[in-house]
Amino acid sequence: MNSVNLKNAYRLLNHGPTTLITSAHNGKRNIMAAAWACALDFDPPKVTVVIDKNTYTRELIEASGTFAINLPCVAQIDLVQKLGNSSGGDLPDTDKFAVHNLTTFDAQQITVPLLEGCVAWLECKIIPEPHNQNTYDLFIAEVVSAYADERVFSNGRWHFEGDDQETLDKLRTIHHVAGGAFFATGQAIQAGQPD
Ligand SMILES: Cc1cc2nc3c(=O)[nH]c(=O)nc-3n(C[C@H](O)[C@H](O)[C@H](O)COP(=O)(O)O)c2cc1C
């Protein structure tokens, strides 16, 4: 057993799917990478996401009370790195969507762009918790609508194996560890039924 430096302890848990958070307010829109997004509750469905105070995303989501979680895939890994290492706040006359030539479509329940080419989308309304937000940069939100690419998610399950494996491999979700190193989600395995 190797001891893990405490500053790297988060990396042991970090490989949940990396997300792209989209936001919009007052004619401005933005997109950033976020690895620290997590399910919180079943019904009504809730999630948490950590959004740093220095981000432009934070400004937009606090103003609008909404954001969307887009789940990018292997085909978008370089884009995710770029979106996570640049700020929409540095682009007064344009935005990251235009800079990276991104195609979006409208969300159904909130006014936030969703990114084409991702494999799932969750529309979220923030449940205000000022203490958590200010102290931990932690946002709790209710998921008000969700959809997924049926090639890889149907009947409530992810499935990345099939006839056209080359295409499906590019649609695998990505899981950031650190410094631009990701895992692609792996082979599905099924546990036996408990006695
Ligand atoms: C793979 C990856 C994961 C990231 N995860 C998070 C995260 O969970 N929370 C966060 O606040 N920033 C995270 N970041 C950093 C933001 O994406 C980064 O600060 C970004 O430039 C903010 O963009 P914005 O200012 O346009 O909102 C991550 C960056 C990368 C590359």
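The figures that follow rest on heavy atoms only: side chains count, while hydrogens, waters and symmetry mates do not. Worth saying up front: this structure is predicted, and the values here are computed from it rather than measured. Counting starts at 1 for both ligands and their atoms, following the listed order.
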Classify the ring geometry of F105 against W121: parallel below 30°, tilted from 30° to 60°, perpendicular beyond 60°.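 The arrangement is perpendicular - the two ring planes meet at more than 60°.
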Can you list every protein residue that has a heavy atom under 4.0 Å from any atom of ligand 1, sorted by chain and residue number?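 Around ligand 1, where the cutoff is 4.0 Å for heavy atoms, the contacting residues are N30, M32, A33, A34, A35, W36, V50, I51, D52, T55, Y56, T57, Q81, L83, G84, N85, S86, S87, G88, K96, H176, F182.
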Which residues satisfy the side chain to side chain donor-acceptor pair (under 3.5 Å) test with R29, sequence neighbours excluded?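 R29: side chain to side chain donor-acceptor pair (under 3.5 Å) contacts with D95.
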Do H176 and F182 have their ring centres less than 6.0 Å from each other?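 Yes, the ring of H176 comes within the 6.0 Å limit of the ring of F182, centre to centre.
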Show which side-chain atoms of residues 130-139 pair as donor or acceptor with protein atoms under 3.5 Å away, not counting sequence neighbours.
residue : atom : partner : partner atom : Å
H131    : ND1  : T135    : OG1          : 3.4
Q133    : OE1  : E129    : N            : 3.0
N134    : ND2  : P130    : O            : 3.2
T135    : OG1  : H131    : O            : 2.9
D137    : OD1  : K53     : NZ           : 2.6
D137    : OD1  : R58     : NH1          : 2.8

Would you say that T185 contacts W158 through its side chain, given a criterion of any heavy-atom pair below 4.5 Å between the two side chains?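 When only atoms from C-beta onward are counted, W158 and T185 do not touch, as no gap falls below 4.5 Å.
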Under the salt bridge (charged side-chain N to carboxylate O under 4.0 Å, His left out) rule, collect the residues that match up with K46, sequence neighbours excluded.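 Here the qualifying residues are D41.
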